[in-house]
Number of protein chains: 4
Amino acid sequence: MPEPVGVRQAQAERTRSAVLAAAAAVFVDQGVQAPVRDIAERAGVGVGTIYRNFPTRADLVSAVYRHQIDTCAALSARLLEESASPFAALTRWVDAFVEFLVTKHGLGAALGSGDPGLENLHALMLDTLVPACATLLDACADAGELGADITAYTLMRAIGNLCITGPDYDRDDAKRMVATLLAGCRSAA
Amino acid sequence: MPEPVGVRQAQAERTRSAVLAAAAAVFVDQGVQAPVRDIAERAGVGVGTIYRNFPTRADLVSAVYRHQIDTCAALSARLLEESASPFAALTRWVDAFVEFLVTKHGLGAALGSGDPGLENLHALMLDTLVPACATLLDACADAGELGADITAYTLMRAIGNLCITGPDYDRDDAKRMVATLLAGCRSAA
Amino acid sequence: MPEPVGVRQAQAERTRSAVLAAAAAVFVDQGVQAPVRDIAERAGVGVGTIYRNFPTRADLVSAVYRHQIDTCAALSARLLEESASPFAALTRWVDAFVEFLVTKHGLGAALGSGDPGLENLHALMLDTLVPACATLLDACADAGELGADITAYTLMRAIGNLCITGPDYDRDDAKRMVATLLAGCRSAA
Amino acid sequence: MPEPVGVRQAQAERTRSAVLAAAAAVFVDQGVQAPVRDIAERAGVGVGTIYRNFPTRADLVSAVYRHQIDTCAALSARLLEESASPFAALTRWVDAFVEFLVTKHGLGAALGSGDPGLENLHALMLDTLVPACATLLDACADAGELGADITAYTLMRAIGNLCITGPDYDRDDAKRMVATLLAGCRSAA
DNA sequence: AATGAATGAGCATTCATTCAT
DNA sequence: GATGAATGAATGCTCATTCAT
């Protein structure tokens, strides 16, 4: 048995991945408040395993979305280079952010809920997306395309809220309202 | 005994008011999904009394907010007369709507939740506020102050979402974002 | 005011009758375990009135069926005279008893439930119908048409049980089974 | 740890058995509609455990009686071989069925209640006992010992009803009445 | 006598969380 | 590390019963 620990670690990692995949799927179906048991069942593991890997629900939610959040955050730099203007970059970045939110049923609502159990997720967004967004906003402000009175956090929170969809307010409505909000930001310049 | 029935009715009305007051207070603390028991306890009545007066939770939530909703709806006509322009009227009306929402912790979230148990409340908003808002939007469109592609319902839903406040996104933030959204609507003209 | 008390008594009697009529109707629809409020509502009185007139549910159930029970009891003597044989009289009397039971949804089940709250009803049946049935049984025994080992109470209880109908065991089934039981009684002669 | 899973399964099985035993005991005392809490308390488990093992009340009731029902059903074939005549076999089988019923307080009433929550139990009886009884009835009919107009279901329902015992109508009464009913069936031949 | 508002015990059911194996 | 059986607090809701008017 050359590397028994490594084998075990690999197995543990696989378990962790299975849980994340299952959680992501269940979150789409039932929202981030889905029963833990449903996730465990879908992942083919026991509920205890979920609690071991993700002590709180926020840990799980954060982990599920971390990759996408990181990708989204990294996008800002590239868009700033590629786009004709800072505001164009901001617009495209927001599009990506909205696309992320509206495909996660209940995520917007979860972020807006103020649920103390979701602090980690909140912190994650704060630490990665807010700086990315701030960079774009600063660039816009420097270019005179945007008033300076809007913080990245507030804007993202507002966008998150606008992406809380429902039966009579769907993804397209959300996207349109976010676009309108951005237009409002620009007109303040 | 001149009006024995009147006495009883008066007592019942007082009870009903106590329940409404308690519910309003509890809703602020815990949101509209607060346990019925908590409301009953705060009102100093049994749970049965709550169910007698308000068979469903939506009945209670609707009753708690009906007066303010009606007042808000009635405001639109007056503002349209008094204001310098339709858009100014819309702005002031939205201010009042926002003021209503941000003082009701969790109401925005409740409206956005799509909870089937809150259909009545949803319907109440639809029936009274949406027409009021639509009147203002039409006037704005006629005056060329607004693009015609935004429905009253979508706008109100978006405003409702923007008013979901939290620890780092307070009433002032919400008001600012709503104002920005309105600015965006105008710029579409 | 010659007879103010009489007037009041008459009114009280009318109320009592209204409750009885309503209870009878509700019992047919929902069975004898129907909520008190439903009966009160149908009678157009307050629940307190029901409790005043019929302190226990059994009081109400008994009162509702007393008339029919008395009629049924009185029938035995007449049938004994009119019928060709004591057993023929018994058969016809049982038919009447069954007819009474199967039209009262849930009455058979109530009688068989052993519910201590229905003691009064039980006693009423015991005091009026059992003697009537016993008379018939005795006559049959004297005529050699029946074995002597069946008591009136047991027979009636059995008949009552056989009349507990349901989705796949309807009135006709009940009647057939009662007839078969009687045939069994006779064959024991 | 040779069979860690087996240990857990064994423990779970013991819990399940404890619940079944407790339920059987409580059913005797209070009938099959007894509160779940009472069963849980008697079994020394939490209510959740009951729901885990028996999601619906009918599942629990069915499980409690399944073994005896199966045994009873299997009995018919053997009796048919061993008995002198089909009717003798039927008689002995019915004796066994009655013995089963009268020791389960409230089971007869439950079967007769038409309670939609007990459909499973109803179906269990239908699927196992009715065919067993039908076999016996057919044999009797072929032997000319019985009229053909009685279905197995109706007969068993009637027997079930006759076995609803109470303070003044005990097991012996029930047995006697069932015997009488059978005698009536035979006399129809 | 009649009313019916109010009470609250009682029950079913869900689900987050723990912990022995 | 993984399991999942067990727990029980939490909550919605019903309805018999009381009692002030």
Side-chain angles (χ1 to χ4, degrees), chain A residues 5 8-9 11-13 15-16 19 33-38 40-41 44-53 55-57 117, chain B residues 1 3-16 19 33-38 40-41 43-53 55-57 117, chain C residues 5 8-9 11-13 15-16 19 33-38 40-41 43-53 55-57 117, chain D residues 1 3-16 19 33-38 40 43-53 55-57 117:
Chain A
V5 172
R8 238 190 234 177
Q9 281 178 347
Q11 172 55 28
E13 188 53 41
T15 299
R16 195 185 146 90
V19 170
Q33 298 295 352
V36 173
R37 212 182 303 278
D38 288 4
E41 196 172 347
V45 303
V47 291
T49 302
I50 300 202
Y51 278 95
R52 165 177 295 275
N53 285 283
T56 73
R57 180 179 294 270
Chain B
M1 290 189 289
E3 287 187 47
V5 171
V7 172
R8 272 252 289 283
Q9 282 179 345
Q11 172 54 29
E13 188 51 44
R14 235 171 296 138
T15 299
R16 194 187 147 91
V19 169
Q33 297 294 356
V36 174
R37 268 179 177 71
D38 289 3
E41 195 172 351
V45 304
V47 292
T49 302
I50 309 261
Y51 281 98
R52 161 182 290 272
N53 286 283
T56 73
R57 179 179 295 272
Chain C
V5 172
R8 239 189 235 176
Q9 281 178 346
Q11 172 55 29
E13 187 53 40
T15 299
R16 195 185 145 90
V19 169
Q33 298 295 353
V36 174
R37 214 183 299 279
D38 289 3
E41 195 172 349
V45 303
V47 290
T49 302
I50 299 203
Y51 278 96
R52 164 177 297 273
N53 285 282
T56 74
R57 180 178 294 270
Chain D
M1 289 189 290
E3 287 187 47
V5 172
V7 172
R8 272 251 290 282
Q9 282 179 345
Q11 172 55 28
E13 188 52 43
R14 235 171 296 137
T15 299
R16 194 187 145 91
V19 170
Q33 299 294 356
V36 174
R37 266 180 179 67
D38 289 3
V45 304
V47 292
T49 302
I50 309 261
Y51 280 97
R52 161 182 290 272
N53 286 283
T56 73
R57 178 179 296 270

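Any value given below was found using the heavy atoms of this structure, including those in side chains, with hydrogens, waters and symmetry copies removed. Reminder, nothing fancy here: chain letters follow the sequence lines and each chain counts from 1.
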B:Q11 and B:R8: side chain donor to acceptor below 3.5 Å: no

Nearest-angstrom distance from the residue atom CD of B:Q9 to C1' of E:dG4: 11 Å

Minimal non-hydrogen separation, C:T49 against C:N53, with atom names: O-ND2, 2.9 Å

Whole-Å gap separating C1' (E:dA6) and CD (B:E41): 17 Å

Considering all heavy atoms, the nearest B:A43-B:V19 contact: CB-CA, 4.0 Å

Would you tabulate the pairs of protein nitrogen or oxygen atoms and nucleotide nitrogen or oxygen atoms of nucleotides 12-14 of chain F closer than 3.5 angstrom?
| unit_1 | atom_1 | unit_2 | atom_2 | d |
| --- | --- | --- | --- | --- |
| F:dG12 | OP1 | B:R57 | NH2 | 2.6 |
| F:dG12 | OP2 | B:V36 | N | 3.1 |
| F:dG12 | N7 | B:R37 | NH1 | 2.9 |
| F:dG12 | O6 | B:R37 | NH2 | 3.1 |
| F:dC13 | OP2 | B:Y51 | OH | 3.1 |

Member of B:R37, B:E41, B:R52 meeting the side-chain contact (heavy atoms from CB on, under 4.5 Å) criterion with B:V47: B:R37

Phosphate OP1/OP2 of E:dA2 contacted by C:T15 side-chain N/O (<4.0 Å): yes

Contact under 4.0 Å: B:N53 side-chain N or O vs E:dA6 OP1/OP2: yes

N or O in side chain of C:T49 less than 4.0 angstrom from E:dT3 OP1/OP2: yes

Watson-Crick or G-U wobble mate for E:dA20, both contacts under 3.5 Å: F:dT3

Atom pair distance, as rounded to whole Å: CD1 in B:I50 and P in E:dG8: 13 Å

D:D38 CG to E:dT13 C1', straight-line distance once rounded to whole Å: 16 Å

Counterpart base for E:dA1, defined by Watson-Crick or G-U wobble contacts under 3.5 Å: none

A:I50 versus A:V36, closest heavy-atom pair with distance: CD1-O, 4.1 Å

D:Q11 CD to E:dT18 P, straight-line distance once rounded to whole Å: 21 Å

Side-chain N,O (C:R52) to OP1/OP2 (E:dA1) below 4.0 Å: yes

